[in-house]
Enquirer: 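Below is the structure I would like to discuss, written out as structure tokens.
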Amino acid sequence: METGQAFTTRIDSRNDVTSIALGGELDMAAVPMLAEQLTAVERDGAKVIMLDLRGLRFIDSSGLHEFVRAHKRSLLNGHRLVLVGANPSARRLCEITGTEFLLDAKGTAEVLGRFTRDGAATEDQDGVAGTESHA
């Protein structure tokens with residue numbers, strides 16, 4: 001019995017910023033896909049990773065936990081992790097779990113400005129330009 005939307009990602013790289021746009025439902029079944037993509041982007045030497053949450057309809061505790069793990073890795077590895085576009089329910093989840101530090105990081109406007117300038121390279125997890133990945 002399927003209850004929600006499939007989890008999707010779309011990876012775009014521009015001006016030293018890698019954006020991973022998340023869509024659908026980020027739950028226990030989808031977390032391994034996100035973890036794999038984050039690890040690959042980190043391994044490729046991304047200076048800034050921006051997780052775009054605007055397309056997420058649902059985040060469970062395992063999804064939130066993956067955000068925290070990615071944040072800890074960013075502190076250890078020297079890259080920046082920025083979460084943008086959290087809807088009110090995602091913001092509330094962060095408030096009640098004490099993880100609001102993940103949202104609205106200093107310099108978010110600067111990161112968004114760098115990302116929106118010309119010079120894009122877009123790919124999904126398999127390196128195919130202009131496609132989406134589905135869990």
Side-chain angles (χ1 to χ4, degrees):
M1 178 175 170
E2 192 171 327
T3 58
Q5 297 179 347
F7 178 67
T8 62
T9 64
R10 181 176 178 87
I11 300 174
D12 296 326
S13 293
R14 300 177 190 175
N15 304 312
D16 296 324
V17 178
T18 298
S19 171
I20 305 175
L22 310 178
E25 296 187 357
L26 180 55
D27 58 15
M28 187 174 15
V31 164
M33 179 182 168
L34 176 59
E36 180 181 308
Q37 290 182 351
L38 282 168
T39 301
V41 168
E42 292 164 1
R43 190 175 38 245
D44 287 344
K47 293 178 183 171
V48 179
I49 300 171
M50 180 173 59
L51 292 179
D52 183 348
L53 311 181
R54 290 178 294 175
L56 281 181
R57 302 291 171 246
F58 175 79
I59 305 169
D60 74 2
S61 61
S62 62
L64 183 61
H65 188 70
E66 184 57 34
F67 293 158
V68 172
R69 283 193 301 256
H71 173 74
K72 287 179 180 179
R73 286 193 311 271
S74 74
L75 296 174
L76 292 171
N77 298 337
H79 65 272
R80 289 184 57 199
L81 178 73
V82 178
L83 279 68
V84 299
N87 64 31
S89 78
R91 287 187 172 280
R92 180 72 178 134
L93 176 64
C94 288
E95 288 171 11
I96 62 177
T97 59
T99 57
E100 60 271 1
F101 63 89
L102 293 169
L103 306 174
D104 301 323
K106 282 186 179 180
T108 299
E110 181 266 331
V111 169
L112 288 170
R114 283 174 47 195
F115 185 74
T116 56
R117 283 188 265 146
D118 290 339
T122 303
E123 63 181 48
D124 73 357
Q125 72 178 16
D126 298 319
V128 179
T131 65
E132 292 185 352
S133 301
H134 301 273

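Sequential numbering from 1 along the given sequence is applied to the chain's residues.
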Enquirer: In Å, rounded to the nearest 0.5 Å, how long is the span from CD1 of Ile11 to CD of Gln37?
Expert: 4.0 Å
Enquirer: In chain order, what residues pass the ring-ring contact (aromatic ring centres under 6.0 Å, His included) check against His79, with sequence neighbours excluded?
Expert: none
Enquirer: Rounded to the nearest 0.5 Å, what separation is found between the CZ atom of Arg10 and the CG atom of Leu22?
Expert: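 Reported value, rounded in 0.5 Å steps: 13.0 Å.
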Enquirer: Using the test side-chain hydrogen bond (donor to acceptor under 3.5 Å, both in side chains), find all partners of Asp27 that sit at least two apart in sequence or belong to another chain.
Expert: none
Enquirer: Just verifying a value: how many Å separate Glu25 CD and Gln5 CD, rounded to the nearest 0.5 Å?
Expert: 6.5 Å
Enquirer: Is Pro88 close to Arg91 at the side-chain level, that is, under 4.5 Å between some pair of heavy atoms?
Expert: no
Enquirer: So how far is it from Thr97 OG1 to His65 NE2, rounded to the nearest 0.5 Å?
Expert: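 Separation between the atoms: 12.0 Å.
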Enquirer: Minimum heavy-atom separation for Asp60 and Met28, please, with both atom names.
Expert: OD2-N, 3.1 Å
Enquirer: Honestly curious: do Leu53 and Phe101 fall in one hydrophobic cluster under the side-chain, below-4.5 Å linking rule?
Expert: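 In one cluster: yes.
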Enquirer: Identify the heavy atoms of Thr18 and Ser13 that sit nearest to each other, and give their distance.
Expert: OG1-OG, 3.3 Å
Enquirer: When hydrophobic residues are tied together by side-chain contacts of less than 4.5 Å, even through go-betweens, does Val68 share a cluster with Leu83?
Expert: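 Yes, Val68 and Leu83 fall within the same hydrophobic cluster.
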Enquirer: If you round to the nearest 0.5 Å, how far is CG of Leu64 from CG of Leu26?
Expert: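 Leu26 CG to Leu64 CG: 9.0 Å, rounded to 0.5 Å.
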Enquirer: Can you name the salt bridge (Lys or Arg N to Asp or Glu O under 4.0 Å) partners of Glu66, sequence neighbours left out?
Expert: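 Testing Glu66 for salt bridge (Lys or Arg N to Asp or Glu O under 4.0 Å), a comparison that skips the adjacent residues, returns Arg69, Arg73.
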Enquirer: Please report the interatomic distance CE(Met33) to CG(Leu38), rounded to the nearest 0.5 Å.
Expert: 11.0 Å
Enquirer: Show, in sequence, the C-alpha distance, side-chain angles and deciding distance for Asn87 and Leu56, and conclude whether the side-chain contact (heavy atoms from CB on, under 4.5 Å) test is met.
Expert: CA-CA 8 Å; Asn87 64 31; Leu56 281 181; 5.5 Å; no
Enquirer: In this structure, would Phe58 and Leu51 fall into the same cluster of hydrophobic residues linked by side-chain contacts under 4.5 Å?
Expert: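 No, because Phe58 and Leu51 fall into different hydrophobic clusters, even though each may have its own neighbours under 4.5 Å.
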Enquirer: Can you confirm whether Phe67 sits close enough to Thr99 that some side-chain heavy atom of one is under 4.5 Å from a side-chain heavy atom of the other?
Expert: no
Enquirer: Can any side-chain N or O of Asp52 pair as donor or acceptor with the backbone N or O of Ser19 at less than 3.5 Å?
Expert: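 Absent.
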